[in-house]
Amino acid sequence: MPGIVYGTDRDSVSFKVNSRRLRAVMAEGHALFDVEVNGGGRQPVIIKDQQRHPVRGFVQHIDLLRVRLDEKIQATVPLELEGTEDAPGVREGGVLEHVTREVTIEALPTAIPDRILANVAKMGIAETMTLDSVSAPAGVEIIGELEEIVVATITAPSEIEAEEEIEEETELVGEEGEVPEGEEAPAAEGEGGESAESGGDEG
C-alpha cells in the first residue's frame, strides 16, 4: 500500500507498506505510532488522512504526519456514546440520534486519546446534548464552537408510527365484526320483529 510521511522540518517521504501489517497497526486504535522509512530511524507519526475504496472500504492510500513529542498538535478522534441503554428518553421509547461522530482535539502527541466518550445516560425525550457537555481527558482540549455542535438528540416516536398503530387497531376492530367463513350473517329485523327477508308465499 502506498503512503506519504509529511513533516514541517523535513521533506515529505513516499513509502510502501504491507497492507496486512498496516491493518493490524490501525486495528489497535492507537492515535500515535512509530514508522521507519528506508532505514532512517523510527519516527513518531499520526494518521493525517486515508483514502478508502469506494465500494469495498479498504484503505488504498495513507498519509502520515511526523510529529514532535514535546509540541501540541491538533488531531481528529472518534466521539462515541456511552450509557445509551440507561437514558430515560430511550427507556421511554424515544429515538436516540448520534449526530457528531468525530471531534478535533489539541494535545501532546502522547496524550492523544484513541476516542472520547460522551455519556448520554441522563438524557430524556426532546433533549439535546452539545459538545460543551462532553468531558475531555486531562491534557486534552476539544476545539470548536462547543455550545453549537450537537452530539446527540432524543426525539419522541414519530407521528407516522402512531398512525400505523391506529391503523392496526382499526383493522382489528373490523376483523371482530366480520362473519366467520361458512356462516350466514344474521338477518335484519323489520318492524314488529319480523324478518326483513322476503320469499314467503303471497296471500
Side-chain angles (χ1 to χ4, degrees), residues 1-84 95-121 123 128-155:
M1 181 186 304
I4 300 177
V5 179
Y6 293 93
T8 56
D9 55 344
R10 304 183 195 175
D11 293 335
S12 301
V13 179
S14 299
F15 67 91
K16 288 185 178 180
V17 64
N18 180 277
S19 300
R20 182 176 298 178
R21 174 58 180 157
L22 178 62
R23 285 196 299 268
V25 173
M26 295 177 65
E28 294 176 359
H30 300 303
L32 178 71
F33 54 92
D34 293 335
V35 297
E36 183 175 341
V37 182
N38 300 328
R42 299 169 70 90
Q43 307 170 50
V45 297
I46 62 172
I47 296 177
K48 180 181 180 182
D49 192 18
Q50 49 186 314
Q51 299 174 8
R52 294 183 176 272
H53 190 280
V55 177
R56 299 184 179 179
F58 60 82
V59 179
Q60 294 179 303
H61 185 279
I62 189 166
D63 294 340
L64 304 177
L65 178 63
R66 189 183 301 113
V67 296
R68 292 185 52 174
L69 301 182
D70 59 348
E71 291 184 357
K72 289 186 176 182
I73 60 172
Q74 291 189 4
T76 301
V77 298
L79 177 63
E80 300 180 2
L81 304 183
E82 64 176 352
T84 56
V95 179
L96 173 66
E97 181 181 2
H98 188 178
V99 180
T100 300
R101 297 178 179 271
E102 291 183 335
V103 292
T104 300
I105 58 99
E106 184 175 87
L108 291 173
T110 53
I112 296 176
D114 299 334
R115 58 179 180 169
I116 288 181
L117 296 176
N119 194 314
V120 298
M123 287 185 64
T128 298
M129 171 183 283
T130 51
L131 202 51
D132 59 329
S133 300
V134 178
S135 300
V140 176
E141 180 184 357
I142 301 177
I143 305 299
E145 300 294 334
L146 307 189
E147 296 180 356
E148 299 180 2
I149 300 176
V150 176
V151 174
T153 62
I154 297 183
T155 57

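In what follows, every heavy atom counts, from backbone to side chain, and hydrogens, waters and symmetry copies are set aside.
- Every residue two or more places apart in sequence or in another chain that forms a side-chain contact (heavy atoms from CB on, under 4.5 Å) with Gln74 is listed here: Thr104, Glu106, Ile143.
- Taking CD1 from Ile154 and CD from Glu97, the interatomic distance works out to 11.0 Å, rounded to the nearest 0.5 Å.
- Taking CD of Gln60 as the start and OG of Ser19 as the end, the distance is 10.5 Å to the nearest 0.5 Å.
- Qualifying side-chain contact (heavy atoms from CB on, under 4.5 Å) partners for Ala118, counting only residues two or more places apart in sequence or in other chains: Leu79, Leu81, Met129, Val134, Val151.
- With values rounded to the nearest 0.5 angstrom, Leu108 atom CG is found 8.5 Å from Leu69 atom CG.
- Gly83 approaches Asn119 most closely through the heavy-atom pair CA-OD1, 4.5 Å.
- Checked against salt bridge (charged side-chain N to carboxylate O under 4.0 Å, His left out), Glu148 has no partners two or more places apart in sequence or in another chain.
- Proximity of Ile73 to Ile112: side-chain heavy atoms (C-beta onward) are separated by under 4.5 Å at one or more points.
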For residues 44-55, which side-chain N or O atoms pair as donor and acceptor with protein atoms under 3.5 Å away, sequence neighbours left out?
| unit_1 | atom_1 | unit_2 | atom_2 | d |
| --- | --- | --- | --- | --- |
| Gln50 | OE1 | Arg52 | NH2 | 3.3 |
| Arg52 | NH1 | Gly57 | O | 2.8 |
| His53 | ND1 | Val55 | N | 3.0 |
| His53 | ND1 | Arg56 | N | 3.0 |

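- Among residue pairs with one or both ends in residues 23-37, those qualifying as salt bridge (charged side-chain N to carboxylate O under 4.0 Å, His left out) are Asp34-Arg42; sequence neighbours excluded.
- Across all their heavy atoms, Ser12 and Ile4 have their closest contact at CB-CG2, 4.0 Å.
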Between Phe15 and Val35, is the side-chain contact (heavy atoms from CB on, under 4.5 Å) condition met? List the steps. CA-CA 10 Å; Phe15 67 91; Val35 297; over 6 Å; no
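- Partners of Asp114 by side chain to side chain donor-acceptor pair (under 3.5 Å), not counting sequence neighbours: none found.
- Within the structure, the salt bridge (charged side-chain N to carboxylate O under 4.0 Å, His left out) test picks out the following pairs touching residues 74-84 (sequence neighbours left out): Glu80-Arg115.
- Rounding to the nearest 0.5 angstrom, the gap separating the CG atom in Leu96 from the CE atom in Met123 is 6.5 Å.
- The side-chain contact (heavy atoms from CB on, under 4.5 Å) search around Ile149 returns Thr100, Leu131, not counting sequence neighbours.
- A search for side-chain contact (heavy atoms from CB on, under 4.5 Å) contacts involving Asp132 returns Thr130, Leu146, Glu147, not counting sequence neighbours.
- With a 4.5 Å cut-off on side-chain heavy atoms, Met26 and Ile62 count as touching.
- The ring-ring contact (aromatic ring centres under 6.0 Å, His included) analysis of residues 62-81, with sequence neighbours excluded, yields no pairs.
- Nearest heavy-atom pair across Ser14 and Val37 is O-CG1, 4.2 Å.
- Considering NZ of Lys16 and CG of Leu22, their distance stands at 14.5 Å, rounded to 0.5 Å.
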